[in-house]
2 protein chains.
Amino acid sequence: MAEQAPGGEPLAIICGGGSFPGAVAAAAERRGRKPIMFGLRGWAEPAAVERHPHHWIAVGQLGRFINLARGEGCREVILIGSLLRPPLTQIRLDWLTIRWMPHIVRSFRGGDDRLLSGVARMMEDNGVRVVGIDDVAPELLVPEGVLGHHQPAQRDRADIAYALQAMAALGPFDVGQAVVVANRHVLAIEAAEGTDRMLQRIAELRRQGRVTAPAGTGVLVKAPKSGQDRRFDLPSIGRSTIENAAQAGLAGVAVTAGSTIVAEPAEVVAAADRANVFLVGVSEEPA
Amino acid sequence: MAEQAPGGEPLAIICGGGSFPGAVAAAAERRGRKPIMFGLRGWAEPAAVERHPHHWIAVGQLGRFINLARGEGCREVILIGSLLRPPLTQIRLDWLTIRWMPHIVRSFRGGDDRLLSGVARMMEDNGVRVVGIDDVAPELLVPEGVLGHHQPAQRDRADIAYALQAMAALGPFDVGQAVVVANRHVLAIEAAEGTDRMLQRIAELRRQGRVTAPAGTGVLVKAPKSGQDRRFDLPSIGRSTIENAAQAGLAGVAVTAGSTIVAEPAEVVAAADRANVFLVGVSEEPA
């Protein structure tokens, strides 16, 4: 926990894409910790990485990361930011990674979540503990309750509950972090495409008359996969999530409280108010 | 059952889009029954409808359908062909339908399947029994076993079993008639978009490097929703299913034996052979 770490102990941040790595670095600084950025080449945004002490690494260079992190005095690391499954040509394997390969391959077969758990175990066996966002930057997690000016209606609450039930059913299959439900009818389940594309699909199907629920009906619900290791790959939302939900004609967005990341909370709430959609943090337990 | 119907008893066929209504009419004729086509205006293909004695009806004209069907001496009806949720402007309500409206609205909230069950009950209360494809044209159902020259590998069998398990988990939610799995990783779950668009999405994600499973990996699996009324909305495949699966880089297609419709079996098998994908009918029970 940040509170237990010696004052100023540096925090290694392995940076994927998007704005979350920068937001976590800022939160660490607010707690008096020095962020050391490890930008993943091809994913991390250079500006965010280079604002702090940093190194660039490739996916697969776990040995290099561990040496660099220990050299910087880091005993804790957080993995944050988007990291789509990398094309094989982008991967650089170092010796430590190769030695762990059989274990990693076994993990990979079980889906993203188990892959990351395997990587975390490997880091911890080498003296760098993997921490989660609630340890180092809890203010980036969505709280419970309605966050903007718009309230979910009773019908929306029913759609949220239905979506959470469907997601719970999919839990064992490492898929379905996001679902769109309108009038207890599942319109979309997210898999490899990601949330924004899924919402764009709803907008397109609506334009083509293939989704006939009236505008202002339906909810996007995001929740972590059940049984998921909470130290990585939590669901996240940003302004584009809100704007795409509005474009898809939805009434609003519900995310699980305490387990959904938002980099710029105030900006996201303002976007929801502007777009006339609600944004609510809900309990993870399906009703 | 066709066998029990008096020789030559006419069969009412309510025709949605695509080639299935014509295929069912041909199958009925082979059994000595006279098909009476009821084309749904805006969905049914005029050529298929007008090849036989026919009437045109609008969605919502259940009273008109029942009067016409009884006038033709039909005591059995089959609903066949694609019928996407109709835009409201295309619906024409007659008095019988309006009288049943509260019941239909209740059904509608439960998803497509319950809507159709409500419509079936309404027809049966008015003297026209709704039959299924296994009653009147069982030769249009995919049989068990490998159908073309290509065989599923052991890995494909494992992906098929995994997909069937995921679909069984989604059964209570009236969604997920088709799923794409590669190496036990769920790449897509079908909801409002339909199978062809889902497969086109996989092809696109693969081009963009967001799906990294090598070409020739992964399966499309189609199965009826669990608890679904088998008299309508069974999954179906056609040449486009095979071609889109090949475009998506999949190893093959698995559908549930005895509950998946194929209008032109020989053509579909030939397409699979040409495209180097397997096509297999599997048992519905997840392994």
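Numbers restart at 1 for each chain; the letters A, B, ... are given by sequence-line order, proteins then strands.
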Hey, which residues of residues 242-255 of chain A are touching chain B, say heavy atoms under 4.5 Å apart? none
Walk me through it: do A:L170 and B:L170 pass the test side chain to side chain contact (heavy atoms under 4.5 Å, CB included)? CA-CA 7 Å; A:L170 277 177; B:L170 278 176; 3.8 Å; yes
Any side-chain heavy atom of B:E193 within less than 4.5 Å of one from A:E204?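 SC-SC contact between B:E193 and A:E204 ruled out.
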Check whether any side-chain heavy atom of A:V175 lies under 4.5 Å from a side-chain heavy atom of B:I189, and answer yes or no. yes
Which atom of A:A169 lies closest to which atom of B:F173, heavy atoms considered: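 Minimum heavy-atom separation between A:A169 and B:F173: CB-CE1, 3.6 Å.
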Whatever's closer than 4.5 Å to a heavy atom in chain B on A:L205 counts as side chain
More than 12 foreign heavy atoms under 6.0 Å from CZ of B:R239: is that the case here?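 Open: at most 12 neighbouring heavy atoms sit under 6.0 Å from CZ of B:R239.
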Would you please name every residue forming a side-chain contact (heavy atoms from CB on, under 4.5 Å) with B:A178, sequence neighbours left out? B:E190, B:T195, B:M198, B:L220, B:K222
Apply side-chain hydrogen bond (donor to acceptor under 3.5 Å, both in side chains) to B:R197 and list each qualifying residue two or more places apart in sequence or on a separate chain.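 side-chain hydrogen bond (donor to acceptor under 3.5 Å, both in side chains) list for B:R197, sorted by chain: A:Q208.
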Only counting residues at least two apart or in another chain, list the ones meeting side-chain hydrogen bond (donor to acceptor under 3.5 Å, both in side chains) with A:T217. none
